[in-house]
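Whatever order the structure lists them in is the order used to number ligands and atoms, beginning at 1. Since this is a predicted model, take the numbers as computed values, not measurements. Heavy atoms only: backbone and side chains are in, while hydrogens, waters and symmetry mates are out.
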Amino acid sequence: MLSKKYFIKTFGCQMNISDSERIAGILEKNKFKPTSEITKADLVVFNTCGIRQMAEDRAYGQIHNLRKNNPKIKIVLTGCLANREDVRKKLKNKVDIFCEIKNIETIIETLGFSVCHYLDIVPKYSLAHSVLVPIMTGCNNFCSYCVVPYARGREISRPATKIITEIKNLIKNGCKEITLLGQNVNSYNYKKIVFPELLQKIEKIPGNFWIRFISSHPKDFSSELIETIAKSKKICEQIHLPIQSGSNKILATMNRKYTAEHYLDLIKKIRIAFKKYKTDIPCSITSDIIVGFPGETKKDFLKTATLMKKAQYDLVYFGQFSPRPGTVAYKMKDNVSKGEKSQRENTLNEILKKTALSNNQKYLGKTLEVLIDSKKNGLYFGRTRSGKNVKIISTRKNLIGQFAKVKIIKANIWNLEGKTIK
Ligand code: SF4
């Protein structure tokens, strides 16, 4: 008889965090209780990430140790690694249930509980004031390096009415920030309701709250979407728009279906629209870049460096290419050495430091609304609408989960510093 304590170990992105909230929701509905100590759990779910080898190796190590020390514990493996044959073979004596993330409900079925569709599961939200709301899952794009279309299947959008109902309830319960999630969030399409229309519907929900969304694909970033964001009062001035490479040759090998010129044109349009409709704070633009993709020559790399200077990013998540089994790029020759990848990443990081600092300096002396997330050693920590982390001096009490007016007194490369004002 299975007793009732669970622990979920989550690797990777916000989509995985959101999935884990859904797994927790359904486990608790079925009388499981969370434990903060993995060794005290009867059921441990590893929600894995297959984007980088490092995350994969960490999961193997933890599963191995857990099984060695707790032979009776029930181990479930889900996430990106769950449908890989090589992973299943490697862990067949250590993992009890392999469950593809697109069939997350079957975890529950295997444990003997009733099931419902993934997007209908009521999650157990980790934070009350800032909540991740999946609006679609899966991906149709098949970028040559990516496991997502294989792990999650094709795109499925969630009915707009269900999304609106979930958000209305969250706002009623005091939530201040909604992040709409999807692998390709801006290709949302449910019975002809497309993403800009969905955003307009969410905007109309009464209450004082912010709207964010990740991740957008440049090929689906329409003029209508730019206009909707720029005109909105609730959608935050932060757009995450992964470029991956500044070389058109590499973008084609990656199967990204846009060019560097198209991408830069989008950024120009976004900045113009924001100037027209928004305040004097510019839109913060962030990105993902893969360094050392197969076939990336010095010349290709320099094109990425040039694009970064033009884009004036606030933040970039760099990843050195590592071949992921099952993808098209896995069969390509990984011909940029580890040392060269690190060197290229460092060069790009230096460009980022300059643009990030110069963007942050534009906030000096301004008073902004900040959503407070936490307090440590007498200082509050929060984020601006544009996603900047702010360290805040304040004598005010109980600010966590609230909006506060903060005057920015210092700009650093990776964050801002400020103090609350009345
Ligand atoms: S758009 Fe490309 S990188 Fe993003 S999830 Fe789909 S296949 Fe992966």
**Q** Taking side chain to side chain contact (heavy atoms under 4.5 Å, CB included) as the test, write out the residues that go with Ser216, two or more places apart.
**A** Val185, Asn186, Phe213, Phe221, Leu241
**Q** With the threshold set at 4.0 Å, does a side-chain nitrogen-carboxylate oxygen contact exist between Lys33 and Glu28?
**A** no
**Q** Using heavy atoms and a 4.0 Å limit, tell me yes or no: is Arg256 in contact with ligand 1?
**A** yes
**Q** Does this structure show an ion pair linking Arg383 with Glu177, if we count only N-O contacts that are shorter than 4.0 Å?
**A** yes
**Q** Any idea which protein heavy atom is nearest atom 3 (S) of ligand 1, and the distance to it?
**A** Tyr145 OH, 3.5 Å
**Q** Between Lys176 and Asp373, is there a salt bridge with N-O shorter than 4.0 Å?
**A** no
**Q** Count the heavy atoms belonging to other residues, nucleotides or ligands that lie under 6.0 Å from OH of Tyr125, then report whether that count exceeds 12.
**A** yes
**Q** List-wise, which protein N, O or S atoms are found short of 2.8 Å from atom 6 (Fe) of ligand 1?
**A** Cys139 SG
**Q** Short question: side chain of Asp300, backbone of Thr297 - any donor-acceptor pair under 3.5 Å?
**A** yes
**Q** Is it true that Glu166 and Arg158 make a salt bridge, defined as a side-chain N closer than 4.0 Å to a carboxylate O?
**A** yes
